[in-house]
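Just below is one structure, and these are the notes that go with it.
Labels below follow one simple rule: chain letters A, B, ... track the order of the sequence lines, proteins then strands, and each chain is numbered from 1.
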There are 2 protein chains.
Amino acid sequence: MHLHKRDPKTEIVDAATTVLDNYGIADLTMRRLARELGVTPGALYWHFDHKQQLLGAVADRVLGPAYADAVGIDWRQRIAGMCSQLRDALLSHTDGAELVSGSFAAGQSRGMEHILALLAREAAEAGLAAGHAELAARTIVHYVLGATGDEQSRIQWDAAGALQTPGVTPTSGGHSPIDRLADQGGGFDFGLQLLLDGIAAPRLLPAMR
Amino acid sequence: MHLHKRDPKTEIVDAATTVLDNYGIADLTMRRLARELGVTPGALYWHFDHKQQLLGAVADRVLGPAYADAVGIDWRQRIAGMCSQLRDALLSHTDGAELVSGSFAAGQSRGMEHILALLAREAAEAGLAAGHAELAARTIVHYVLGATGDEQSRIQWDAAGALQTPGVTPTSGGHSPIDRLADQGGGFDFGLQLLLDGIAAPRLLPAMR
DNA sequence: ACCTGAACACCGTTCAAGT
DNA sequence: ACCTGAACACCGTTCAAGT
């Protein structure tokens with residue numbers, strides 16, 4: 001049997017994204033994906049060199065909505081907007097943060113490289129020298145991926161628990177409403193403001209900026 | 001055959017650490033480890049419930065040298081010292097950052113939880129309210145794990161390249177001496193100072209601290 | 001150009017049975 | 001208490017051969 005859409009690569013990434021959303025990254029295997037496509041595992045290797053490359057393509061698909069040019073009066077607002085878009089994109093797919101973190105670390109996400117460059121541009125706008133602006137951008141990216149990964153794993157853990165014991169409301173468990181507030185953007189924003197304050201801080205020697 | 005040291009668990013973690021250092025995390029499998037110990041794979045499941053638990057024990061072994069109480073006049077120096085110790089510990093083992101990141105994310109590293117608590121204490125010392133101090137500590141941990149992971153993968157990639165083409169010196173490749181300087185602690189320190197500046201920043205409303 | 005069939009060399013985990 | 005034997009249900013990747 002053949003893949004039949006205009007672009008076979010697109011069809012594969014479509015199916016992979018569906019498997020990801022429905023079953024999570026642990027079940028996104030080459031064999032499982034091939035089965036879902038009605039094809040032999042080896043067929044996938046005509047279109048992608050290895051699994052990491054395919055996962056990178058899925059990661060870039062996930063990142064699609066995060067590329068929108070952030071509008072904002074100043075660099076602070078623009079960075080905050082970009083990070084918020086990125087977080088939303090990651091939270092929109094099961095294990096999205098883990099997938100993108102892994103692909104970025106493996107050097108397989110052109111999307112994250114692009115976002116990194118945009119953030120570095122804004123950091124330069126804030127007055128940092130080129131080298132330091134890139135380091136600041138990496139720091140921001142590490143933060144967003146890490147914090148969103150934490151948040152997502154808690155969300156998914158809670159959701160799994162809610163399915164197993166439907167009689168127990170989420171707030172009656174170990175997590176208080178205050179915990180939830182801190183997780184639903186509040187905690188994320190706090191950490192991000194810390195970073196932005198650091199970038200804006202005038203205490204670094206002028207030679208170091 | 002039986003494991004024979006005083007504590008079988010310790011012997012397993014010893015062997016696992018050796019496999020990690022010599023072959024990396026990808027080769028640290030239950031079967032490989034059992035072979036190295038002259039034992040059947042199933043034997044490991046008498047001592048550990050699952051692989052993640054064993055990896056968590058290895059992660060805590062790696063973190064051993066990072067527990068030393070950081071001395072320092074002020075919270076800034078103490079946090080910087082703790083982060084430096086943590087980075088050193090991670091860089092001391094092949095794929096150390098990846099191992100600890102994964103174990104921490106999976107909730108299997110008591111060591112990282114401890115370090116997190118120490119950092120939160122210092123952030124409180126800096127004047128942050130308890131909830132915010134914990135968020136700040138998490139931000140720092142995400143940064144150290146992410147930045148050190150990047151650094152380590154580049155180091156290991158360069159080392160692998162140096163072994164393959166011994167005639168080419170590291171500095172004659174794509175990375176300039178400036179890149180190396182930025183990686184060998186300089187880049188790490190810059191990102192960390194950014195975070196510390198953010199924690200010290202007086203611009204947050206008093207109600208928010 | 002694109003896919004199948006079949007193999008290679010592995011995985012984590014479980015569990016009755018042995019000592 | 002601790003381990004073996006053997007199985008179960010999988011993996012990623014390669015490649016000659018087919019269409």
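Separating the CZ atom of A/Arg35 from the P atom of D/dG12 is a distance of 11 Å, rounded to the nearest angstrom. Taking atom CD1 on B/Ile12 and atom C1' on D/dA1, their separation rounds to 14 Å, with Å as the unit. When the C1' atom of D/dT13 is taken as reference, atom CD of A/Gln53 falls 14 Å away, rounded to whole Å. C/dC3 atom C1' lies 14 Å from atom CE of A/Met30, rounded to whole Å. A/Asp49 has its CG atom 14 Å from the C1' atom of D/dG12, to the nearest Å. As a whole-Å value, the separation of A/Leu44 CG from D/dT14 C1' is 14 Å. We find that CG of A/Leu37 is positioned 15 Å from C1' of C/dT4, with the value rounded to whole Å.
In this structure, A/His50 does not reach the D/dT14 phosphate: none of its side-chain N or O atoms is under 4.0 Å from OP1 or OP2. Listed pair B/His47 / D/dC3 meets the phosphate criterion, a side-chain N or O lying under 4.0 Å from OP1 or OP2. In terms of phosphate contacts, A/Thr40 brings no side-chain nitrogen or oxygen within less than 4.0 Å of OP1 or OP2 of C/dC3. Residue A/Tyr45 places none of its side-chain N or O atoms closer than 4.0 Å to OP1 or OP2 of D/dT14.
Of the possible donor and acceptor atoms, one in the side chain of A/Gln152 sits under 3.5 Å from a partner among the backbone N and O of A/Gly96. Side chain of B/Gln156 to main chain of B/Thr94: no donor-acceptor pair is present (N/O by atom type, distance under 3.5 Å, no hydrogens or angles). Formation of a donor-acceptor pair under 3.5 Å by the B/Ser84 side chain with backbone atoms of B/Ala80 is not found in this model.
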Dot-bracket, 5' to 3', for DNA chain D please: Watson-Crick or G-U pairs under 3.5 Å, [ ] where pairs cross earlier ones, | where the partner sits on another strand, dots elsewhere. ||.|||||...|||||.||

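The residue among A/Pro41 and B/Ala43 whose nearest nucleotide of DNA chain D lies closer to the 5′ end is B/Ala43.
If you check C/dC11, D/dT13, C/dC3 against the side chain of A/Val39, the one that comes closest is C/dC3. Nearest to the side chain of A/Trp46, among D/dT4, C/dC3, C/dG12, sits C/dC3. Which of C/dT13, D/dG12, D/dC2 sits closest to the side chain of A/Thr29 comes down to D/dG12. Closest to the B/Arg32 side chain, of the nucleotides C/dA7, C/dC11, C/dG12, is C/dC11. Distance from the side chain of A/Arg31 is smallest to D/dT13 among D/dT13, D/dT4, C/dC3.
Considering only residues two or more places apart in sequence or on other chains, A/Tyr67 meets the side-chain contact (heavy atoms from CB on, under 4.5 Å) condition with A/Asp60, A/Leu63, A/His114, A/Ile115.
Taking both residues in full, the closest heavy atoms of B/Tyr143 and B/Gly191 are given as OH-CA, 3.3 Å, listed atom of the first, atom of the second, then distance.
The gap from the P atom of D/dA9 to that of C/dC8 amounts to 22 Å, rounded to the nearest Å.
Here A/Glu36 pairs with A/Arg32 in a salt bridge; the nearest charged N to carboxylate O distance falls below 4.0 Å. Classification of B/Arg61 and B/Asp14 as a salt-bridged pair holds, one side-chain N sitting under 4.0 Å from a carboxylate O.
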